[in-house]
Amino acid sequence: MKKTILASLLMCASLFASQDPVALLKQNDTELQKELKKKTHTAKDIERIKFLSSGLFDFAKMAERSLPRKTLDTITPAQKAEFSKEFQRMIENSSVHRFKTTNFTPPDSTVYKEPKFRKNGEEVEVSIHSWSKGKDMLMVYKMDKSGNSWRVWDLVIDDLSTTRNYQDQFKSILETKSFQELIKTVKDKADEYDK
């Protein structure tokens with residue numbers, strides 16, 4: 001079973017390689033919507049949903065950018081790695097939890113805008129307008145080049161930055177708790193979403 005899941009994830013990763021950022025997001029969205037439309041989900045389906053909903057994200061970079069600079073300057077590489085691991089688990093489990101507990105309604109239409117490249121083509125922003133039942137949702141993916149592909153380090157939904165949101169939450173927690181206590185908080189939240 002684990003080999004089958006790993007093979008499926010590797011196949012998806014190879015599909016994502018060497019693509020322009022818009023094609024990458026389109027393909028990922030198409031595959032994710034296909035999975036979410038299923039009436040029931042096996043363990044393999046859940047792993048695939050987890051991969052498709054968060055496999056494009058650079059969690060190490062997101063985790064780092066979500067911490068205050070003074071915290072980053074004082075923690076050890078081991079603490080940073082532990083935080084990044086639990087941060088990734090929390091987001092992945094949260095995504096799957098949301099999909100499992102919400103009735104999925106595919107968008108009526110989705111428009112992918114032309115990408116805006118920066119820093120000699122090493123950074124890009126891709127804006128997506130998604131309409132569902134007459135409501136427009138704007139999503140902006142901020143991505144960095146990683147080899148021949150792209151990795152997301154922030155997702156802005158209707159002007160709300162995911163990374164900035166976590167940064168504000170973690171900064172507030174760190175005002176009264178230690179960094180190890182923050183890791184435990186993130187770990188507990190990841191476990192909660194995994195139930």
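Being a predicted model, the structure only gives us computed values, none of them experimental.
At distances below 3.5 Å, not a single donor-acceptor pair connects side-chain atoms of Glu123 with backbone N or O atoms of Lys142. At least one donor-acceptor pair closer than 3.5 Å links the side chain of Thr74 to the backbone N or O of Thr71. Arg151 contributes a side-chain N or O that, together with a main-chain N or O of Phe57, makes up a donor-acceptor pair within less than 3.5 Å. With Ser66 contributing its side chain and Ala63 its backbone, the two residues share a donor-acceptor pair below 3.5 Å. Checked by atom type and distance alone, the side chain of Thr163 pairs as donor or acceptor with a backbone atom of Trp153 at under 3.5 Å. The backbone N or O of Thr162 lies less than 3.5 Å from a partner atom in the side chain of Asp154, making a donor-acceptor pair. Judged purely by atom type and a 3.5 angstrom limit, Ser172 has no side-chain atom pairing as donor or acceptor with the backbone of Asp168. Side-chain atoms of Asp158 do not come within 3.5 Å of backbone N or O of Met137 as any donor-acceptor pair. Remark: side-chain polar atoms of Asp58 are not paired, donor with acceptor, to backbone N or O of Val152 under 3.5 angstrom.
At a threshold of 4.5 Å between non-hydrogen side-chain atoms, the residues Lys177 and Leu182 do not count as touching. Looking only at side-chain heavy atoms (C-beta outward), Lys116 and Ser127 stay at 4.5 Å or farther from each other. Annotation: side chain of Arg118 is in contact with side chain of Glu125 (closest heavy-atom distance under 4.5 Å). At least one side-chain heavy atom of Met143 sits less than 4.5 Å from a side-chain heavy atom of Leu25. Contact annotation: the side chain of Leu32 approaches that of Phe99 to within less than 4.5 Å [non-hydrogen atoms, C-beta and beyond].
Atom CZ of Arg164 is surrounded by 12 or fewer heavy atoms from other residues, nucleotides or ligands within 6.0 Å. More than 12 heavy atoms of other residues, nucleotides or ligands lie within 6.0 Å of CD in Glu175, so this atom counts as buried by the packing criterion. Asp159 CG: 12 or fewer foreign heavy atoms inside a 6.0 Å radius.
No path of Ile, Leu, Val, Met, Phe, Trp and Tyr side chains, each step under 4.5 Å between heavy atoms, connects Val111 with Ile128, placing them in separate hydrophobic clusters. Hydrophobic clustering places Val22 together with Leu24 (ILVMFWY residues linked when any side-chain heavy atoms are closer than 4.5 Å, directly or through intermediates). Linking ILVMFWY side-chain heavy atoms closer than 4.5 Å, directly or via other members, places Leu56 and Met139 in a single hydrophobic cluster. Under the 4.5 Å side-chain heavy-atom criterion for ILVMFWY residues, a single connected hydrophobic cluster contains both Phe87 and Ile173.
With hydrogens and angles left out, the side-chain atoms of Thr42 and Asp45 include a donor and acceptor closer than 3.5 Å.
Here CG of Asp188 is found 9.0 Å from CD of Glu86. Values are rounded to the nearest 0.5 Å. With rounding to the nearest 0.5 Å, the separation of CD1 in Ile49 from OG in Ser54 is 11.0 Å. If you take NZ on Lys189 and NZ on Lys187, they are separated by 14.0 Å, rounding to the nearest 0.5 Å. One distance of note links CD of Gln169 with OG1 of Thr185; it measures 11.0 Å at 0.5 Å rounding. Taking NZ of Lys70 as the reference point, atom CG of Leu174 lies at 8.5 Å (rounded to 0.5 Å). Annotation: the span from Glu35 atom CD to Glu47 atom CD amounts to 11.5 Å, rounded to 0.5 Å.
Between Met90 and Tyr193, the shortest heavy-atom distance links the atoms O-CD1, 3.9 Å. The shortest non-hydrogen separation linking Ala190 to Arg89 is CB-NH2, 3.5 Å. The two residues Trp150 and Glu122 come nearest to each other via the heavy atoms CZ3-O, 3.6 Å. When all heavy atoms of Ser178 and Glu181 are compared, the pair lying nearest together is N-OE1, 2.7 Å. Heavy atoms only, all atoms of each residue included: Val126 and Lys113 are closest at CG1-O, 4.3 Å. Listed here is the closest heavy atom pair of Lys145 and Gly121: CD-O, 4.1 Å.
Between Glu82 and Lys85 there is no salt bridge, since no side-chain N of the basic residue sits under 4.0 Å from a carboxylate O of the acidic one. Taking 4.0 Å as the cut-off between side-chain N and carboxylate O, Glu64 and Lys80 count as a salt-bridged pair. Ionic pairing of Glu31 and Lys34 is present here: one or more N-O contacts between side-chain nitrogen and carboxylate oxygen are shorter than 4.0 angstrom.
With sequence neighbours left out, the ring-ring contact (aromatic ring centres under 6.0 Å, His included) criterion links His129 to Trp131. Annotation: ring-ring contact (aromatic ring centres under 6.0 Å, His included) contacts of Phe170 (sequence neighbours excluded): Phe83, Tyr166.
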Original post:
What's the verdict on side-chain contact (heavy atoms from CB on, under 4.5 Å) for Leu36 and Leu52, showing C-alpha distance, side-chain angles and the deciding distance?
Top reply: CA-CA 10 Å; Leu36 293 175; Leu52 291 167; over 6 Å; no
**OP:** Determine, step by step, whether Ile46 and Val96 satisfy the side-chain contact (heavy atoms from CB on, under 4.5 Å) criterion, reporting the C-alpha distance in whole Å, the side-chain angles of both residues, the deciding distance to 0.1 Å, and the verdict.
**Re:** CA-CA 7 Å; Ile46 295 297; Val96 172; 3.8 Å; yes
